[in-house]
Amino acid sequence: MKRVGIIGVGEYLPKKVLTNADLEKMVDTSDEWIITRTGIKERRLAASNEATSDLAGKAAQAALENARLKSADIDLIIVATTTPDAPFPSVACFLQTLIGAKKAVCFDVSAACAGFVYAISIAYQFISRGAYKNALVVGSEVLSRVTDYQDRNTCVLFGDGAGAVVLSEVKSGGILSIYLGSDGANADLLKIPAGGSRHPASQETIDNRLHYIKMQGNELFKLAVTIMTQVAQTALKDAGLECKDIDLVIPHQANMRIIMAMAKKLGLVAEKIYLNIEKYGNMSSASTAVALCEAVKQGRIKKGDIVLLDAFGAGLVWGACVIKW
Ligand code: ACO
């Protein structure tokens with residue numbers, strides 16, 4: 001088995017900013033409620049001519065440059081997304097053409113907010129067994145297209161963005177453990193009811209606003225805290241490590257209170273948690289991806305550091321990954 005690590009990172013955030021003050025004009029909410037209940041101050045919105053693959057393309061280019069690789073060096077592209085450009089073809093295939101990675105094998109992964117960790121786990125399998133050399137893994141979302149800006153329960157939470165990493169064989173460190181899990185029995189807690197084979201688009205689904213995110217936030221909140229804590233503990237145990245060994249946690253950025261409750265249960269001080277929820281809100285699969293990229297670029301992650309990715313989302317799905325940088 002080859003040792004696999006992240007050799008390049010890159011992110012892209014659309015320029016347009018949607019602030020809490022903007023949302024106050026759209027629904028019955030307040031800056032104070034949003035900040036105290038979620039920790040979010042603003043989020044980014046893709047331009048009307050930007051689709052998920054466009055965001056992915058910019059993040060991917062940045063990651064390739066950072067890895068000092070050319071697109072022709074990429075053997076595998078996996079895009080984690082819940083908001084593909086279209087039901088098919090995959091975002092990964094659009095991305096392949098955008099960046100000119102002609103020899104790459106391309107597909108998408110649907111695992112909501114844990115999608116980036118799921119995609120990393122797949123790339124890890126291929127590279128560690130020697131099937132492929134270099135993989136591009138991207139978390140990219142344009143959640144603003146499936147967010148109901150008439151529903152205050154959800155519209156304050158979500159934003160758009162993309163983060164990309166290049167995985168390859170490394171001489172030291174790299175991925176130490178990956179732990180994934182799913183619970184389809186709780187699928188109803190967070191979903192987009194229509195637009196698929198169960199409820200194809202119709203006048204009725206449009207009139208009933210069924211193409212937008214529906215969420216039972218309170219139930220999810222409790223599950224997120226419990227599961228994200230357990231997932232972190234299991235991934236660390238699998239890596240032969242303990243919480244005290246962690247240098248930085250990159251958690252899914254769904255809610256500041258979820259992250260802080262998890263940190264408390266794990267006995268981690270705030271300095272060991274990377275947060276960007278204030279600037280971007282919840283970007284589903286792009287949240288952990290963008291946070292990881294930013295943390296590397298800001299020097300919060302240095303060679304030899306132990307980094308824990310920890311994500312949870314619709315499905316339900318969850319996943320954690322321990323990496324020695
Ligand atoms: N502004 C003002 N009031 C609001 C707003 C708002 N934007 N949204 C809800 N409220 C109200 C509710 O209507 C409710 O009022 P009521 O008591 O009169 O009925 C009150 O605030 C409390 O609502 P709760 O839902 O209990 O609020 P809570 O503290 O749970 O916070 C939140 C809601 C932020 C959604 C939280 O539950 C949460 O973050 N849940 C987890 C989300 C998550 O982890 N999702 C999974 C990952 S995301 C993915 O996979 C795409």
Side-chain angles (χ1 to χ4, degrees), residues 18-43 52 80-84 109-119 139-161 180-184 186-193 212-231 250-263 275 277-278 280-291 309-320:
L18 181 72
T19 65
N20 290 349
D22 296 328
L23 285 160
E24 282 176 350
K25 294 178 202 139
M26 296 157 72
V27 288
D28 179 15
T29 190
S30 67
D31 178 50
E32 200 259 334
W33 191 96
I34 302 172
I35 291 176
T36 50
R37 309 300 277 190
T38 72
I40 304 168
K41 288 187 178 164
E42 55 189 45
R43 56 301 280 146
T52 297
T81 188
T82 55
T83 49
V109 165
S110 173
C113 303
F116 183 63
V117 177
Y118 272 60
S140 186
E141 302 282 2
V142 183
L143 289 168
S144 58
R145 305 274 150 77
V146 292
T147 298
D148 186 349
Y149 290 101
Q150 293 181 13
D151 176 12
R152 71 174 183 173
N153 291 296
T154 52
C155 74
V156 301
L157 302 173
F158 300 105
D160 305 335
L180 307 176
S182 311
D183 168 24
N186 274 316
D188 272 348
L189 294 181
L190 181 54
K191 62 184 177 184
I192 297 174
Y212 294 120
I213 297 170
K214 310 286 176 201
M215 184 170 86
Q216 293 177 46
N218 218 292
E219 282 305 306
L220 276 173
F221 189 102
K222 288 176 259 175
L223 286 165
V225 174
T226 308
I227 292 173
M228 286 178 77
T229 306
Q230 286 168 354
V231 170
I250 309 283
H252 174 50
Q253 315 272 322
N255 187 313
M256 177 79 89
R257 290 184 296 135
I258 292 176
I259 297 170
M260 286 311 161
M262 175 199 73
L275 293 169
I277 187 169
E278 182 181 296
Y280 309 133
N282 180 349
M283 299 182 288
S284 192
S285 71
S287 272
T288 37
V290 169
L309 305 184
D310 191 343
F312 167 90
L316 303 177
V317 289
W318 52 86

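We count ligands from 1, going down the list as the structure has it; atoms in each ligand are counted the same way.
- The nearest protein atom to atom 15 (O) of ligand 1, hydrogens excluded, is given as R152 NH2, 4.1 Å; this is a heavy-atom distance.
- For atom 43 (C) of ligand 1, the nearest protein heavy atom (residue, atom name, distance) is A254 CB, 4.0 Å.
- Scanning the protein heavy atoms around atom 31 (O) of ligand 1, the nearest turns out to be R257 NH2, 3.5 Å.
- For ligand 1, the atoms closer than 4.0 angstrom to any heavy atom of T29 are 1 (N), 2 (C), 6 (C), 7 (N).
- T82 and E141 are linked by a side-chain donor-acceptor pair at a separation below 3.5 angstrom, with hydrogens and angles left out of the test.
- Distance from atom 51 (C) of ligand 1 to its nearest protein heavy atom, with residue and atom name: C113 SG, 3.0 Å.
- The ligand atoms of ligand 1 that sit less than 4.0 angstrom from a heavy atom of G313 are 47 (C), 50 (O).
- Every atom of ligand 1 is numbered from 1 in the order shown, and the set under 4.0 Å from a heavy atom of T38 is 34 (C).
- In this model, no donor atom of one side chain and acceptor atom of the other lie less than 3.5 Å apart for N255 and T38.
- Considering only non-hydrogen protein atoms, atom 35 (C) of ligand 1 sits nearest to M215 CE, 3.5 Å.
- Closest to atom 27 (O) of ligand 1 among all protein heavy atoms lies R37 NH2, 3.9 Å.
- The part of I258 lying near ligand 1 is the side chain, judged by heavy-atom distances below 4.0 Å.
- The distance from ligand 1 to the heavy atoms of F312 drops below 4.0 Å at these ligand atoms: 47 (C).
- Looking only at atom types and distance, the side chain of T19 has no donor-acceptor partner in the side chain of E42 under 3.5 Å away.
- Near L190, meaning under 4.0 Å from any of its heavy atoms, are these atoms of ligand 1: 46 (C), 48 (S), 49 (C), 50 (O), 51 (C).
- The nearest heavy-atom contact from the protein to atom 9 (C) of ligand 1 is N153 OD1, 3.1 Å.
- Only the side chain of V156 comes within 4.0 Å of ligand 1, judged by heavy-atom distances.
- In this structure, atom 23 (O) of ligand 1 is not in close contact with the protein, since no protein heavy atom lies within 4.0 Å of it.
- Summary of contacts: the protein heavy atom closest to atom 40 (N) of ligand 1 is G217 O, 3.0 Å.
- With distances taken over non-hydrogen atoms, the option nearest atom 38 (C) of ligand 1 out of N255, T82, I227 is N255.
- The proximity of N218 to ligand 1, defined as any non-hydrogen pair under 4.0 Å, involves the side chain as well as the backbone.
- S182 and Y118 share a side-chain donor-acceptor pair at under 3.5 Å.
- For W33, every heavy-atom contact with ligand 1 shorter than 4.0 Å involves the side chain, none the backbone.
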